[in-house]
Asker: 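What follows is a single structure, and I will ask about it in a moment.
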Amino acid sequence: MSSSRLLFDEPGPRARRRIRIATALTLLGGAVLVALALRQFGENGQLGADRWRPYGTWPMWGYLLEGLRSTLYAAAVSIVLATAAGVALALGRLSPARWLRVPSAAYVEIVRTVPALLLVYIVLFALPKYGLDLPLFWKLVVPLSVSNAAAFAEIFRAGIRSVERGQLEAGLALGLTRGRAMRLVVLPQAARRVLPSLVSQSAGLLKDTSLGYVVSYAELLYSGKVLANYNHLLIQTYLVIALIYLVINASLAKLARTLEARQRTRPSRAVREAAPAARP
């Protein structure tokens with residue numbers, strides 16, 4: 001069973017037809033907007049070769065790639081922290097212990113409704129008033145991790161609930177504690193099933209790193225702002241940055257579709273892999 005089926009209802013024939021129509025209309029509308037934008041740019045001289053020539057030089061790309069490196073680093077650290085917190089929260093929500101289940105559910109339900117930008121403002125303006133003034137890097141990573149931990153928790157919870165209950169019972173029958181059975185038997189299977197969703201959520205988190213613009217962290221978008229102030233090529237700079245984001249996120253989307261397709265064609269090996277590890 002694919003992760004998309006775990007998290008969303010499979011659309012029927014009429015729903016698929018409406019989705020195809022909506023997709024076609026959206027693409028048509030997007031093409032019209034792009035054509036109008038290009039026409040406007042052309043009439044104002046923004047498409048002239050002299051305005052794009054600087055982007056054929058290495059110093060310009062070197063500066064943007066440094067911003068991209070900072071973006072990827074912030075995204076990678078945020079993903080690791082959000083994944084760890086997401087697993088803990090998912091296990092907490094599924095725990096039979098009420099003192100663990102209730103706080104975990106409250107965290108997920110509350111944080112999911114709070115925009116990541118608001119969390120950035122809290123870290124940026126509220127925490128320093130209480131003596132906690134983080135470095136710029138952590139002013140971006142902490143709110144992104146806090147916000148995305150709730151989303152990752154829901155993904156992991158859906159994956160864990162999709163694993164047949166007999167898998168956990170088999171682990172308990174082998175003499176494992178509930179914690180070890182979850183870690184060695186259930187979690188590997190759940191993580192494998194939700195991997196495409198994790199990649200998709202990671203792509204969204206990578207886009208959220210553009211909030212570094214707010215805290216003046218030198219990620220890709222902030223680097224573009226500095227560059228545009230220097231060379232006065234505002235439209236060209238932001239179009240290049242948009243293209244970089246498009247390439248990265250399209251690659252991640254392709255990776256998520258590939259992983260999902262492989263899951264449909266390959267049987268789960270998690271049980272066979274977990275069985276030797278589960279032996280005392």
Side-chain angles (χ1 to χ4, degrees), residues 1-39 75 79 82-83 86-87 89-90 93-94 104-118 144 147-168 186-208 210 242-243 245-271:
M1 186 182 294
S2 69
S3 61
S4 61
R5 291 180 181 177
L6 297 175
L7 301 176
F8 307 102
D9 291 334
E10 187 73 15
R14 294 181 63 183
R16 286 198 295 269
R17 186 165 58 252
R18 286 197 294 270
I19 291 173
R20 284 195 292 269
I21 294 173
T23 301
L25 291 175
T26 301
L27 291 175
L28 180 60
V32 171
L33 290 175
V34 170
L36 291 174
L38 290 175
R39 178 184 175 186
I79 289 169
T83 300
V87 171
L89 289 167
R93 291 201 70 176
L94 296 171
S104 300
Y107 177 95
V108 172
E109 296 301 329
I110 293 173
V111 172
R112 287 176 66 191
T113 63
V114 179
L117 179 58
L118 180 58
L144 291 184
S147 176
N148 283 272
F152 277 105
E154 286 302 273
I155 293 173
F156 278 113
R157 187 166 71 101
I160 292 172
R161 295 186 69 176
S162 73
V163 177
E164 295 76 10
R165 185 171 177 78
Q167 298 294 322
L168 176 62
V186 178
L187 272 180
Q189 297 181 70
R192 183 185 177 88
R193 294 184 182 188
V194 299
L195 191 55
S197 295
L198 294 177
V199 174
S200 297
Q201 183 65 30
S202 298
L205 190 154
L206 189 144
K207 286 186 290 185
D208 287 345
S210 61
L243 180 62
Y245 274 115
L246 179 64
V247 170
I248 294 174
N249 285 288
S251 301
L252 290 175
K254 174 65 176 175
L255 175 62
R257 289 195 296 271
T258 302
L259 291 172
E260 186 174 0
R262 289 181 62 183
Q263 283 189 350
R264 291 175 179 169
T265 56
R266 294 175 57 183
S268 174
R269 296 181 301 181
V271 178

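Along the sequence shown, the residues carry numbers beginning at 1.
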Asker: Side chains of Val163 and Leu168, heavy atoms from C-beta outward: is any pair under 4.5 Å?
Answerer: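 No - every pair of side-chain heavy atoms lies 4.5 Å or more apart.
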Asker: Would you call Gln201 and Leu205 a side-chain contact if the rule is heavy atoms closer than 4.5 Å?
Answerer: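 A side-chain contact is absent here, since even the closest heavy-atom pair is not under 4.5 Å.
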Asker: Under the 3.5 angstrom rule, does the side chain of Ser210 hit a backbone N or O of Lys207 as a donor-acceptor pair?
Answerer: yes
Asker: If I take atom CG from residue Leu255 and atom CG from residue Asn249, how far apart are they, to the nearest 0.5 angstrom?
Answerer: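 Interatomic distance, Leu255 CG to Asn249 CG, rounded to 0.5 Å: 12.0 Å.
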Asker: List the residues meeting salt bridge (charged side-chain N to carboxylate O under 4.0 Å, His left out) with Arg39, not counting sequence neighbours, and say none if there are none.
Answerer: Glu43
Asker: Which pair of non-hydrogen atoms, one from Ala82 and one from Phe152, has the smallest distance, and what is that distance?
Answerer: CB-CD1, 3.6 Å
Asker: CG/Leu38 to CG/Leu33 distance, rounded to the nearest 0.5 angstrom?
Answerer: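 Going from the CG atom of Leu38 to the CG atom of Leu33 covers 11.0 Å.
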Asker: Between Ser147 and Ala116, what is the shortest heavy-atom contact and its length?
Answerer: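 Of all heavy-atom pairs spanning Ser147 and Ala116, the closest is OG-CB, 3.9 Å.
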Asker: Without swapping roles, check the side chain of Arg93 against the backbone of Arg157 for a donor-acceptor pair under 3.5 Å.
Answerer: no
Asker: What closest approach, in Å, do Ala153 and Val108 show between heavy atoms, and which atom pair accounts for it?
Answerer: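 Here Ala153 and Val108 meet closest at CB-CG2, 4.0 Å.
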Asker: Of all the heavy-atom pairs spanning Ile79 and Thr83, show the shortest one and how long it is.
Answerer: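 Where Ile79 meets Thr83 most closely, the heavy atoms are O-OG1, 2.6 Å.
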Asker: With heavy-atom distances below 4.5 Å as the criterion, would you say the side chains of Ile155 and Leu198 are in contact?
Answerer: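 A side-chain contact exists here, since the closest heavy-atom pair is under 4.5 Å.
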Asker: First locate atom CG of Leu89, then atom CG of Leu94, and finally report the distance between them rounded to the nearest 0.5 Å.
Answerer: 11.0 Å
Asker: Restricting to salt bridge (charged side-chain N to carboxylate O under 4.0 Å, His left out), what partner residues turn up for Arg14, sequence neighbours left out?
Answerer: none
Asker: If you look at every heavy atom in Ala90 and Phe156, which pair is closest and at what distance?
Answerer: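 Closest heavy-atom pair between Ala90 and Phe156: CB-CB, 3.7 Å.
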Asker: Partners of Lys254 by side chain to side chain contact (heavy atoms under 4.5 Å, CB included), sequence neighbours excluded?
Answerer: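 With neighbours one apart ignored, the set is Arg257, Thr258.
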